[in-house]
Protein chains: 2
Amino acid sequence: MGEAATGERRQRTDKQRNRTHILEVAEEFFAEQGITGSMDAIAKRAGVGPGTLYRHFPNREALLAALLQARDEELEARRDAIRREVADSRAALAQWLQALGEWVTAFDGLPEPLRAALTEDTSPLAITCQGFVTTTEDFLRAAQRDGGAKPWVRGRDLFLSTLATAWARGAAMADESSPDALVSLIRTGWETPATGTAPGSGEDPA
Amino acid sequence: MGEAATGERRQRTDKQRNRTHILEVAEEFFAEQGITGSMDAIAKRAGVGPGTLYRHFPNREALLAALLQARDEELEARRDAIRREVADSRAALAQWLQALGEWVTAFDGLPEPLRAALTEDTSPLAITCQGFVTTTEDFLRAAQRDGGAKPWVRGRDLFLSTLATAWARGAAMADESSPDALVSLIRTGWETPATGTAPGSGEDPA
DNA sequence: CCGTGAAACGGAGACTATCTCCTTATCGGT
DNA sequence: ACCGATAAGGAGATAGTCTCCGTTTCACGG
């Protein structure tokens, strides 16, 4: 009873194979060229026609969403690891935000559709996004309870600021240190002043 | 001898007229559709052929740069007004950043090419950008001298964070308060803790 | 093993956008 | 009024997204 009970013919093997292969190729392609690379080029590299690509993934966003699902699981694993290993709630939030920041930098241009998905809930990326906001809220709440984060900050804002920072990092920053400076700026924004040190010298447990 | 001494024929009046008209139309068009609207559509609305549009402005960025030059002057006026009227250097920096933030929100999608121009100095927008960074550095230096801003913050980072915030504001944010929250977050980042109040309650002179 | 129908594939091509090139129209100077 | 320079106009080259439909391939039943 591994299949649906509707007695339907089982999915063709070539379909599943193509889908998997397209995803592998697309991951490689997006990593190289950024997420704005040509769709037809992905189809060609995967050795399928454009029609096949678009039947599996009706548009770029759908392809991206399917692609991110795998990485999504990695991030969830990292989230669980932080929950398990990092006792200090303030440090846990910081590490989660860093993990998030690295995740959205996986492909060039990724912050753009994610921000869009944050407002249009028709997007296949919306669910993923919402999950991240929720997780951020969890970490934030804990940090606020322990006095490690300012009480007026919201999880949604932290997520957005992480996206914005990743966006600012951009394709290739001439000034390598600016992204880090932004992270520090924002961290100083949400963190409780108790730490009192200059940014960059924040605690780094583990 | 109002013209160059090279004895060259003076510029045709229709050329100047077209250029001006294209700029007017483009400003209206970008304000409506955002800066990614079709170039040919701008040409059509201006009643000229694509060739004419592209002879005047070889690409979208050049058109944008010419367009922003006018607004640039407005911003410089505002900068001078702040210098003249705002005595407190911390408040002056805050107001300058706000002015900058409003300026880069003039057209939808404007932060993108500005960030790009920040790294590629071949862009016609690069000069404008650099000017803003310099101005930001001026205001920041003054604020730091008076103890109103943390000493390790750099002007370039503040400019980038302003761009990033404007980017986050995006087309149409479902949550209207998030952009303001980001501004507060960042302000808390650069400001000296002396103020000690929650964001949003910052001083607002004038 | 083979026939058959449903499902998936492939790619031509419709559509849109950017930008170029060359012919035609227009302007400024004499 | 004429002429040469200069700008305008728009067809079209190129590239990208996405669709439609004829063809192929697969799963299942005999």
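Computed from a predicted model, the values in this text were never measured in an experiment. Order of the sequence lines fixes the chain letters, A, B, ..., with proteins taken first and strands second; residue numbering starts at 1 for each chain.
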Check: Rounding to a whole Å, what distance do you find between Met39(B):CE and dT18(C):P?
Finding: 7 Å

Margin query: If we count only N and O atoms by modelled type, under 3.5 Å, do the side chains of Glu73(B) and Gln69(B) hold a donor and an acceptor together?
Written below: no

Check: Counting side-chain heavy atoms from CB outward, which of dC9(C), dA8(D), dG28(C) is closest to Asn18(A)?
Finding: dC9(C)

Notebook entry, point to check: Measuring from Ile186(A):CD1 to Thr188(B):OG1, what's the distance to the nearest 0.5 Å?
Noted result: 11.0 Å

Item checked: Nearest-Å distance for atom pair NE2/C1', residues His21(B) and dG9(D) -> 16 Å

Item checked: Flag, side chain of Asp146(A) to backbone of Gly148(A), donor-acceptor distance under 3.5 Å -> no

Next item on the list: Check the distance between dA7(D)'s C1' and Arg19(B)'s CZ and give it to me in whole angstrom.
Entry: 15 Å

Item checked: Phe132(A) six-ring centre to Arg79(A) NZ/CZ under 6.0 Å and within 45° of normal -> no

Notebook entry, point to check: Between Arg17(A) (CZ) and dT25(D) (P), how many Å, whole number?
Noted result: 12 Å

Next item on the list: Nearest whole angstrom, please: distance from the P of dT19(D) to the NE2 of His56(A).
Entry: 15 Å

Notebook entry, point to check: For the pair made of CZ in Arg9(A) and C1' in dA27(D), what is the distance, rounded to whole Å?
Noted result: 5 Å

Notebook entry, point to check: Per the atom types in the model, does the base of dT18(C) pair as donor or acceptor with the side chain of Arg60(B) at under 3.5 Å?
Noted result: no

Notebook entry, point to check: Atom CD of Gln33(A) and atom C1' of dG16(D): how far apart are they, to the nearest Å?
Noted result: 14 Å

Next item on the list: Quick one: sort the Phe107(B) and Phe30(B) rings into parallel, tilted or perpendicular, breaks at 30° and 60°.
Entry: perpendicular

Check: Nearest to the side chain of Ser38(A) - dT18(C), dT17(D), dA6(C)?
Finding: dT17(D)

Margin query: At less than 3.5 Å, do the side-chain atoms of Arg55(B) and the base atoms of dA8(D) form a donor-acceptor pair?
Written below: yes

Checklist line | Closest-nucleotide ordering on DNA chain C, the 5'-leading residue of Asp40(A) and Thr52(A) | finding: Thr52(A)

Margin query: Using heavy-atom distances to pick each residue's nearest nucleotide on DNA chain D, tell me which of Lys15(B) and Pro50(A) is more 5'.
Written below: Lys15(B)

Next item on the list: Measure from CD1 on Ile42(A) to P on dG16(D) and round the result to the nearest Å.
Entry: 12 Å

Margin query: Counting distance alone, no hydrogens or angles: does the base of dA27(D) have a donor or acceptor under 3.5 Å from a partner atom on the side chain of Arg10(A)?
Written below: no

